[in-house]
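Comments concern the structure below.
Not measured: the values here are computed from a predicted model.
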Amino acid sequence: MGEQRRVAIVGAGPSGLFTAAALLAQAAEPPAIDIFDRLPTPFGLLRYGVAPDHASIKAVATTLARVFEAPDVRFLGLVEFGRDVTAAELRSGYDAVVYAVGAADDRRLGIPGEDLPGSRSARQFVSWYSGHPDAEAQPLDGVRSAVVVGVGNVAVDVARILLKDPADLSATDMPDAVLAELRAARIEDVWLVGRRGPEHAAFTTPELRELLETPGIAVTLEGCDLAAIDDAGLERHARANLAAIGRALAASPASALRRLHLLFWHRPAELAGDGRVRAVRFEPTGGGGAPLTVPAELVLRSIGYRGVPLPGVPYAEGRIPNLEGRVLEPDGSARPGEYAVGWIKRGPVGLIGSNKKDAAETVAALLEDLSTLPRREPADLDALLAARGVRPSTLEDWRRIDAAEIDRGGLRGRERTKIEAWHELLGLVWGAPSVHRDGDVRPA
């Protein structure tokens with residue numbers, strides 16, 4: 001038997017928790033697992049990336065939380081990789097290290113005017129309405145028309161949140177400040193824009209239907225003609241998407257207070273404005289289209305995420321180079337004991353459930369390597385963090401935050417209300433916040 005193996009997982013989002021679950025299920029001798037995260041709250045995109053009104057998807061967190069019931073699994077929040085602990089230090093303290101950090105950056109349009117006030121990323125907008133403690137406020141005052149560039153599920157979610165009656169969101173876990181901003185907003189038009197046709201769009205049919213069936217909106221289609229699309233060779237989901245759009249157009253009311261404009265075969269060429277975004281100039285990407293200028297005070301780009309380089313870890317083209325999860329050096333050789341999973345492994349593709357199969361592949365490689373790895377005395381990471389003044393938050397701290405959110409929601413007739421401010425989160429963890437060494441409101 002020997003000493004119990006030790007595995008560190010960097011990131012407590014879906015991919016990290018699926019990895020922990022796979023380790024517990026696949027290992028003949030389950031290792032001790034420490035799951036690190038820079039936040040005091042687990043679940044990553046399940047908590048901060050899924051639209052608040054998608055309760056069924058968010059409920060996956062309940063299933064993933066079961067990994068914390070295993071006696072040898074620990075949650076260590078408020079530990080930032082690269083600042084509080086390095087890759088070399090994790091390698092010295094664990095038999096294997098798994099990077100499950102997702103893709104925290106977004107792609108840019110690369111067009112004139114992109115940096116004007118009012119031009120933002122959908123990722124920032126989602127973080128705001130999901131109550132991420134790092135999220136910047138997203139003021140909507142003066143916004144009458146919004147453009148969402150992209151036709152994936154994130155773009156669809158953003159468009160729906162902008163168009164939906166805030167009263168219908170009041171039962172969700174949205175932070176109070178977000179709901180107040182949405183209630184005060186007077187958005188009338190939302191443009192959802194794709195550079196190809198609707199038959200090529202990445203959104204899934206249930207999410208598209210949910211947007212198209214938003215109560216009280218009219219739907220228009222620009223840039224293409226559904227009747228001219230030959231659907232004979234299309235996959236089933238593409239045909240279902242076209243049918244959903246056709247039904248929405250047929251049922252669209254002659255007049256409505258809010259309008260959804262689906263614009264295909266166009267791409268933004270310029271954001272125009274006098275100190276802030278006032279309009280978007282589009283140019284056609286397919287034959288027969290024409291240039292188009294749309295008034296807009298808000299532009300949200302949703303054209304893909306990118307992984308962020310980790311200090312001391314190989315990185316190329318938005319992800320960690322790997323073979324079946326084994327981290328690779330630039331010369332193609334595997335780095336012993338280091339693995340990747342999720343979007344930082346394969347790029348930002350696939351739904352949340354895709355991470356389960358992905359984690360199983362990485363864990364299979366990890367356990368195969370572990371079977372031949374000599375046992376050694378690991379460094380004491382707990383002592384190292386303590387010597388630096390880093391005191392990780394625990395699962396019990398998260399449960400205290402969880403209970404406080406449920407209590408806050410109960411006072412408002414809701415299941416929960418998200419706590420989004422760092423000082424409140426840390427107050428629940430430590431009792432009193434303090435300023436971290438780089439000026440962030442983080443624990444001392």
Side-chain angles (χ1 to χ4, degrees), residues 50-58 122 126 129 144-169 171-172 182 185 187-267 282 284-290 292 294 296 300 302-303 351-353:
V50 173
D53 56 347
H54 279 172
S56 61
I57 300 176
K58 293 166 78 70
V126 170
Y129 69 57
R144 296 293 178 269
S145 178
V147 168
V148 182
V149 182
V151 284
N153 281 346
V154 172
V156 166
D157 281 349
V158 166
R160 190 184 69 257
I161 295 296
L162 288 170
L163 287 166
K164 197 166 186 175
D165 186 339
D168 294 333
L169 296 168
T172 72
L182 290 171
I187 297 172
E188 298 170 355
D189 294 273
V190 173
W191 293 75
L192 189 68
V193 184
R195 61 184 299 128
R196 301 176 70 194
E199 69 273 32
H200 306 117
F203 44 59
T204 53
T205 306
E207 280 67 25
L208 173 63
R209 286 176 180 152
E210 192 175 9
L211 169 62
L212 296 173
E213 294 169 5
T214 301
I217 69 167
V219 180
T220 70
L221 179 65
E222 315 281 346
C224 70
D225 179 3
L226 283 184
I229 298 174
D230 181 7
D231 64 358
L234 297 179
E235 294 184 5
R236 185 173 63 178
H237 81 275
R239 293 198 302 272
N241 287 344
L242 295 177
I245 294 172
R247 287 192 298 270
L249 293 173
S252 183
S255 61
L257 295 178
R258 287 160 292 142
R259 294 166 291 275
L260 170 66
H261 308 275
L262 303 175
L263 174 62
F264 292 98
W265 293 111
H266 281 75
R267 71 172 186 89
F282 294 100
T285 57
L292 177 68
V294 171
L300 298 172
S302 183
I303 55 174
L351 304 175
I352 287 172

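- Residue Ala256 comes nearest to Ala218 through the heavy atom pair CB-N, 3.6 Å, listed as atom of the first residue, atom of the second, then distance.
- Scanning both residues, Ile217 and Pro253, for their nearest heavy atoms gives O-CD, 3.5 Å.
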Go through the steps for Arg267 and Phe282 under the test side-chain contact (heavy atoms from CB on, under 4.5 Å), then give the verdict. CA-CA 5 Å; Arg267 71 172 186 89; Phe282 294 100; 5.8 Å; no

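- Contacts of Arg209 classified as salt bridge (Lys or Arg N to Asp or Glu O under 4.0 Å), with partners at least two apart in sequence or in another chain: none.
- The residue from Leu263, Leu192, Val193 that alone fulfils the side chain to side chain contact (heavy atoms under 4.5 Å, CB included) condition with Val147 is Val193.
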Could you walk me through whether Leu162 and Leu300 pass the side-chain contact (heavy atoms from CB on, under 4.5 Å) test, one step at a time? CA-CA 11 Å; Leu162 288 170; Leu300 298 172; 4.2 Å; yes

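- In this structure, Ser302 contributes its side chain and Val149 its backbone to no donor-acceptor pair below 3.5 Å.
- Scanning all heavy atoms of the two residues, the minimum distance from Glu207 to Val156 falls at O-CG1, 3.3 Å.
- Contact check for Leu212 versus Leu249: no side-chain heavy atoms found under the 4.5 Å cut-off.
- If you check the side chains of Glu210 and His54, you find a donor sitting under 3.5 Å from an acceptor.
- The two residues Pro166 and Leu182 make their nearest non-hydrogen contact at CG-O, 3.4 Å.
- Here the closest heavy-atom approach between residue Pro198 and residue Ile245 is recorded as CB-CD1, 3.9 Å.
- The shortest heavy-atom contact between Val219 and Ser252 is N-OG, 2.8 Å.
- Looking only at distances, a side-chain donor or acceptor of His266 sits under 3.5 Å from a matching main-chain atom of Ala290.
- Atoms NZ and CD1, from Lys164 and Ile187 in turn, are 14.5 Å apart once rounded to the nearest 0.5 Å.
- Looking only at atom types and distance, the side chain of His261 has a donor-acceptor partner in the side chain of Thr220 under 3.5 Å away.
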Check against side-chain contact (heavy atoms from CB on, under 4.5 Å), Glu199 and Asp231: CA-CA 8 Å; Glu199 69 273 32; Asp231 64 358; over 6 Å; no

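- Here the straight-line distance linking atom CG of Asp168 with atom CZ of Arg160 works out to 11.0 Å at 0.5 Å rounding.
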Do Asp157 and Val126 pass the side-chain contact (heavy atoms from CB on, under 4.5 Å) test, and can you show the C-alpha distance, the side-chain angles, and the key distance before you say yes or no? CA-CA 9 Å; Asp157 281 349; Val126 170; 5.9 Å; no

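- Rounded to the nearest 0.5 angstrom, Tyr129 OH and Asp53 CG are separated by 8.0 Å.
- Rounding to the nearest 0.5 Å places CH2 of Trp265 at 6.0 Å from CZ of Arg196.
- The number of heavy atoms from other shown groups lying within 6.0 Å of CZ (Arg259) is above 12.
- In this structure, CG on Asp189 lies 11.0 Å from CG on Leu257, to the nearest 0.5 angstrom.
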